[in-house]
Number of protein chains: 2
Amino acid sequence: MRATEQAEPAPRRRRGRPGHDQSAILRAAVELFNRRGYDATSMGDLAKELGLTKPAIYYHVTSKEQLLGQALDDALDELTSVVTEASTERAGVTAYQRLREVVRRSVEVLVAHQQSVTLLLRVRGNSEVELAALSRRRWLDDRLAALVADAVAEGSLRDDVPPALVSRLLFGMVNSLVEWYRAEGAYDQAMVADAITTIAFDGLARHES
Amino acid sequence: MRATEQAEPAPRRRRGRPGHDQSAILRAAVELFNRRGYDATSMGDLAKELGLTKPAIYYHVTSKEQLLGQALDDALDELTSVVTEASTERAGVTAYQRLREVVRRSVEVLVAHQQSVTLLLRVRGNSEVELAALSRRRWLDDRLAALVADAVAEGSLRDDVPPALVSRLLFGMVNSLVEWYRAEGAYDQAMVADAITTIAFDGLARHES
DNA sequence: CCTACCGATCGGTAGG
DNA sequence: CCTACCGATCGGTAGG
């Protein structure tokens, strides 16, 4: 409603209100999918949220499931990048250091892509799209478990807990932050990453030293 | 189809197939709700799973939402019992001891009531029933945060991480087990509880001592 | 981008 | 008049 709007150069061959491109629809969709659940969110809900009609949504998007798939791919691409780098052996870098690094960088991804990661963590496998996402996710879990096993094997992690169990619990703790983290809240990303690494690697108990 | 069936004492005034009481329907419903999601599960799916018709389900149950509410109450009642006991101050028992105890007993509840707790942890607040459950869950979270704060105050937990953050991460790790724990799997309940308390309180890192 | 719809399926209930 | 269901269909709404 600003006066300057009329002075803007004419958009080339665009009718209707602008600003509702695919990515804006995707953002709104993922937010609704997380707030109410994928199945409980109708395309009509999404349209209303965007101030559009339902058919207008389908001008930009081919299906509800496509929106889900794009969000899951976004989360999986980011996590794959982090895990792949951490899984790569490098001269002079221990598995323990790479494990700490992947925890820290995972927190960064969860914060920066919280909406799509949240969606990923709730996938049940109800469709081809969801099954494909679960498959990619299992690959990530396997890599992380192998990294934990390497850290145990090199002697830097305690060996009295099964590595596969350590991996599940450690990244269970990391992943849980999508349930409560708010960017505008009391804790910033670095603080959360520090808290997780401190708890996981050094423990909560205060030891007299 | 066993021959002995005909020899059983006549059920008193029961026609139709027996064995589909409220609790059996609830068990099947919760299992389906978790496997496919609440909204993605139709009462027809549930009927098929039980070998009944949909109206037969409604003879035992007043609504789909009632099934959800009963499962959530089951989980919340168990967790409330555990948290209430752990929150009660007792002579000669430190907050640290009560915190370790509530972690261990939470694992027991998550294993024994995994289906209903899983459902609880996925509630989004889409209905009155879900909002009521979220309210009870917040009460539990607040009690646990207070217990962590007490343990820090008495000097038994490190004070360089905010207690509210510790509480979220610690029980985030505990709760994450509903995502992968299987009773028939490699780890029993006690092993998981030991692993969680070891990681959380003593840390993963191997320190030369 | 909208109005006007479709095939199907939803949770829940009628009579018997 | 009861318990335990069935075949069919209700009013609405889903994705498209």
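Each chain gets a letter, A, B and so on, in the order its sequence line appears, and its residues count up from 1. Treat the numbers as computed from the prediction; the structure is a model and nothing was measured.
- Formation of a donor-acceptor pair under 3.5 Å by the A:Arg168 side chain with backbone atoms of B:Trp180 is not found in this model.
- Comparing C:dG16 with D:dA4, their P atoms sit 22 Å apart, to the nearest whole Å.
- Remark: A:Glu31 engages A:Arg35 in a salt bridge (charged side-chain N to carboxylate O under 4.0 Å, His left out) (not counting sequence neighbours).
- Between B:Thr53 and the phosphate of D:dC6, there is a side-chain N or O to OP1/OP2 separation shorter than 4.0 Å.
- Atom C1' of nucleotide C:dT13 and atom NE2 of B:His60 are separated by 16 Å, given to the nearest angstrom.
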request  = Could you go through the salt bridge (Lys or Arg N to Asp or Glu O under 4.0 Å) check for A:Arg137 and B:Glu179 one step at a time?
outcome  = CA-CA 13 Å; A:Arg137 204 186 142 187; B:Glu179 298 293 335; 5.8 Å; no
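- Nucleotides C:dG15 and D:dC5 have their C1' atoms positioned 13 Å apart, rounded to a whole Å.
- Helical stems of DNA chain D (runs of at least 3 Watson-Crick or G-U pairs, donor-acceptor distances under 3.5 Å) are absent.
- Results of the side chain to side chain contact (heavy atoms under 4.5 Å, CB included) test with B:Val178 over B:Leu119, B:Leu120, B:Val117 single out B:Val117 as the only residue that passes.
- Straight-line distance from the OH atom of B:Tyr59 to the P atom of D:dT3: 5 Å, rounded to whole Å.
- At distances below 3.5 Å, at least one donor-acceptor pair connects side-chain atoms of B:Thr198 with backbone N or O atoms of B:Asp194.
- Distance CG (B:Leu50) to P (D:dC6): 12 Å, rounded to an integer number of Å.
- A donor and an acceptor atom, one from each side chain of B:Asp77 and B:Thr80, are nowhere located under 3.5 Å apart.
- The side chain to side chain contact (heavy atoms under 4.5 Å, CB included) test with B:Val83 singles out one residue from B:Arg105, B:Glu78, B:Arg143, and that residue is B:Arg143.
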query = Run the side chain to side chain donor-acceptor pair (under 3.5 Å) check on A:Gln66 and A:Thr62 step by step: do they pass?
reply = CA-CA 7 Å; A:Gln66 180 209 359; A:Thr62 63; 2.9 Å; yes
Would you tabulate the pairs of protein nitrogen or oxygen atoms and nucleotide nitrogen or oxygen atoms of nucleotides 10-12 of chain C closer than 3.5 angstrom?
residue, atom, partner, partner atom, Å
C:dG11, OP1, B:Thr41, O, 3.1
C:dG11, OP1, B:Lys64, NZ, 2.6
C:dG11, OP2, B:Met43, N, 2.9
C:dG11, N7, B:Lys54, NZ, 2.9
C:dG12, OP2, B:Tyr58, OH, 2.6
C:dG12, OP2, B:Lys64, N, 2.9
C:dG12, O5', B:Tyr58, OH, 3.4
C:dG12, N7, B:Lys54, NZ, 3.4
C:dG12, O6, B:Lys54, NZ, 2.7

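- Here D:dG15 presents its P atom at 13 Å from CG of A:Leu68, a figure rounded to the nearest Å.
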